[in-house]
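Structure first, commentary second.
Side chains included, hydrogens not; waters and symmetry mates left out as well; all remaining heavy atoms used. Start at 1 with the first residue, then count along the sequence.
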Amino acid sequence: MSLAAGTPARSHDEDAIGIPPPCPTLVPAERYYSPRFAALEAERMWPKVWQLACTVDHVAEPGDYFEYRCGPYAVLIVRGDDGGLRAFQNACRHRGNALCAGSGQGLREIKCGYHGWTWDLAGTLKRVPGRKGFGVLRMPDFPLVPVRVEAWAGLVFVNLDPDAMPLADYLEGVPDDIAWCGLGDFRCYATLTVEVDANWKTIADGYSETYHVATLHPELLRCVDDVHAPQRIWGHTGKSDQPYGVPSPRLDGALSDEEVWDAYVYTQGALMGAAEGTPFPADERRPGQTVADLIAARTRSFAAGRGVDLGWADTDRITRLHQYNVFPNMTFLTNADHLTVMCSRPRRDAASDPDKGELVMFLMTRMAPGAPRTTPADVRVTAGTAEPGVVLTQDIRVLPGVQRGMRQPGFTHLVLSGEERRVINMHRNLERYLDLPESECMRCGTADETPPT
Ligand code: FES
Ligand SMILES: [Fe+2]
């Protein structure tokens with residue numbers, strides 16, 4: 001099978017398909033809805049992988065805490081009195097009660113609300129009411145169970161596996177590849193969690209390919225080159241580059257510069273501070289300037305209003321979107337003045353229901369270096385009420401139908417293109433973590449083959 005592991009860096013002109021594979025990749029559909037498969041993920045995958053939990057902005061000061069939940073798992077992240085970031089399984093050592101819920105500030109100690117066992121912020125047991133009733137109970141025997149926690153670029157990741165590789169190794173080539181962008185200067189001002197009637201993988205697949213842009217996002221197609229969008233796969237991670245401020249080559253040059261500008265303003269004008277309907281700035285245009293140059297100039301002055309100097313960033317740095325995928329469930333999309341981070345998870349209130357997931361969006365803004373941090377607003381909505389912009393709304397609205405369709409008895413396999421190789425790569429990693437038998441693995445094939453039993 002010719003799957004694109006470890007493909008080398010590609011030139012900007014290369015297309016999203018790359019070298020076509022000999023045949024489609026068939027992925028068993030069952031893994032998107034089977035409770036047995038979801039249980040296998042909960043047993044073998046989720047406790048082993050690095051997962052984005054929150055941002056440094058959520059836990060910036062001593063006493064700040066954040067409860068991260070993913071399916072059945074709950075992790076408490078705490079900024080200690082010494083400024084250190086720590087994480088613990090969110091379970092009291094007495095009878096298991098969850099110690100904290102949600103997020104907050106000013107935590108001085110961690111006291112269980114059931115019988116009052118109490119730990120300090122470093123996880124050391126300090127008080128046990130009625131201790132003599134336990135006979136000999138040694139306090140050092142019952143610390144909170146630690147969870148690995150590491151931050152990168154203002155993003156806080158946790159891993160339940162004490163023997164997990166360091167986060168920096170897990171991220172492979174990503175940090176070096178995006179080092180030019182200075183992601184640490186972005187601040188998270190809000191998160192939006194959307195409850196979706198779809199498996200977490202159905203959600204993640206939607207942000208792991210650009211194949212759907214031409215059909216699902218007709219407005220976006222008018223201002224993005226979805227064809228010359230080269231992809232790269234490292235191992236756990238992959239990326240795609242997409243030039244914005246230009247029309248898709250699929251439109252055969254039919255659009256005027258004004259129409260490309262209008263489409264950009266309509267789909268993502270907020271990125272340059274442009275309200276809906278902001279007209280093409282013909283009077284600002286200097287000879288030789290492209291639409292992308294004009295977008296870059298607007299973006300620079302929008303950033304300057306926040307005290308951010310984007311003088312270092314040329315048009316390409318501002319208008320080319322760099323999208324990275326990190327196994328199993330996370331992506332971030334960035335350019336010189338933009339960072340949106342997304343992940344998908346099994347739903348916390350329906351951990352054993354593979355048809356339910358949630359999409360979490362971390363909304364970030366670049367600030368001047370060293371800018372103070374403020375606690376983000378965390379908002380949770382259902383898919384029906386979520387309106388996070390025209391393009392993301394299109395992405396979210398399609399998901400329940402995909403989930404429903406995959407459950408139909410005649411739909412045995414997803415049929416994936418080389419253009420969807422970041423989806424294929426997710427499945428490659430998933431199969432490795434789950435240690436699936438060969439008969440259950442994806443394979444190269446055609447639709448009329450009898451699927452393996
Ligand atoms: S369950 Fe926490 S003190 Fe009893
Ligand atoms: Fe999309």
Side-chain angles (χ1 to χ4, degrees), residues 50-70 75-88 90 100-110 120-123 147-159 167-168 171 174-175 178-193 270-271 273 299 302-310 312-313 322 324 326 330-343 345 360-380 388:
W50 283 100
Q51 301 164 51
L52 174 62
C54 63
T55 67
V56 171
D57 304 274
H58 287 94
V59 282
E61 298 297 325
D64 287 357
Y65 66 94
F66 186 94
E67 187 203 24
Y68 167 69
R69 289 177 61 180
C70 176
V75 174
L76 178 59
I77 300 157
V78 180
R79 178 74 66 180
D81 304 318
D82 57 356
L85 201 55
R86 296 186 182 83
F88 309 102
N90 191 8
C100 293
S103 60
Q105 290 86 40
L107 202 63
R108 308 288 298 272
E109 57 186 17
I110 301 168
D120 67 15
L121 300 190
V147 171
R148 295 275 300 279
V149 58
E150 290 184 33
W152 171 73
L155 307 174
V156 176
F157 292 77
V158 295
N159 194 320
L167 176 64
L171 294 175
V174 173
I178 197 61
W180 61 269
C181 198
L183 293 179
D185 288 337
F186 284 85
R187 297 286 181 269
C188 178
Y189 61 91
T191 70
L192 179 65
T193 300
L271 297 182
T299 307
F302 180 52
R306 275 176 275 128
V308 172
D309 177 11
L310 281 187
W312 57 273
H322 300 258
Y324 294 85
V326 180
M330 180 240 187
T331 189
F332 67 92
L333 306 101
T334 188
N335 64 35
D337 197 40
H338 175 210
L339 176 61
T340 297
V341 186
M342 295 194 279
C343 60
R345 303 170 189 155
V360 187
M361 278 171 264
F362 296 79
L363 310 176
M364 320 281 289
T365 304
R366 183 184 284 285
M367 301 298 281
R373 296 182 183 276
T374 52
T375 308
D378 297 313
V379 177
R380 175 174 282 266

Candidate pair R345 and T193, rule side chain to side chain contact (heavy atoms under 4.5 Å, CB included), full reasoning: CA-CA 10 Å; R345 303 170 189 155; T193 300; 5.6 Å; no
Derivation and outcome, side chain to side chain contact (heavy atoms under 4.5 Å, CB included), residues L85 and I77: CA-CA 7 Å; L85 201 55; I77 300 157; 4.0 Å; yes
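A pairwise comparison of heavy atoms in Y68 and C70 identifies OH-CB, 3.3 Å as the closest pair. In terms of heavy atoms, C188 sits closest to D57 at N-OD2, 3.1 Å. A336 and A313 get closest at one heavy-atom pair: CB-CB, 3.7 Å. Counting all heavy atoms, side chain and backbone alike, V78 lies closest to I110 at CG2-CD1, 4.2 Å. Of all heavy-atom pairs spanning F362 and C343, the tightest one is CE1-SG, 4.0 Å. The heavy-atom pair separating R79 from L121 by the smallest distance is O-CD1, 3.9 Å.
Other residues, nucleotides and ligands contribute at most 12 non-hydrogen atoms within 6.0 Å of the CZ atom of R108. Other residues, nucleotides and ligands contribute only 12 or fewer heavy atoms inside 6.0 Å of the CD atom of E61.
Going from atom OG1 of T331 over to atom CE of M342 covers 6.0 Å, rounded to the nearest 0.5 Å. For the atom pair T340 OG1 and L363 CG, the distance stands at 6.5 Å (nearest 0.5 Å). Summarising the geometry, atom CG belonging to D81 is positioned 10.5 Å from atom CD belonging to E109; distances are rounded to the nearest 0.5 Å. In this structure, CE on M361 lies 11.0 Å from CG on L333, to the nearest 0.5 angstrom. Put simply, NE2 on H322 and OG1 on T334 are 7.5 Å apart, with the number rounded to the nearest 0.5 Å. In this structure, M330 CE and L52 CG are separated by 5.0 Å, a value rounded to the nearest 0.5 Å.
In this structure, the side chains of V56 and V156 come closer than 4.5 Å at one or more pairs of heavy atoms. The closest side-chain heavy-atom distance from D378 to R380 is not below 4.5 Å. Residues R373 and T55 are not in side-chain contact: their nearest non-hydrogen atoms beyond the backbone lie 4.5 Å or more apart. Side chains of H58 and D64 form no contact here, defined as non-hydrogen atoms less than 4.5 Å apart.
Between the side chain of R187 and the main chain of A371, a donor-acceptor pair closer than 3.5 Å is present.
Ion pair R306/D337 flagged as a salt bridge, since at least one NZ, NE, NH1 or NH2 atom sits closer than 4.0 Å to an Asp/Glu carboxylate oxygen.
Put simply, the residue from L155, D185, L183, T191 that forms a side chain to side chain contact (heavy atoms under 4.5 Å, CB included) with M364 is L155. Here the options are F157, Y324, F332, the test is ring pair (Phe, Tyr, Trp, His ring centres under 6.0 Å), and the partner is W152; only F332 passes.
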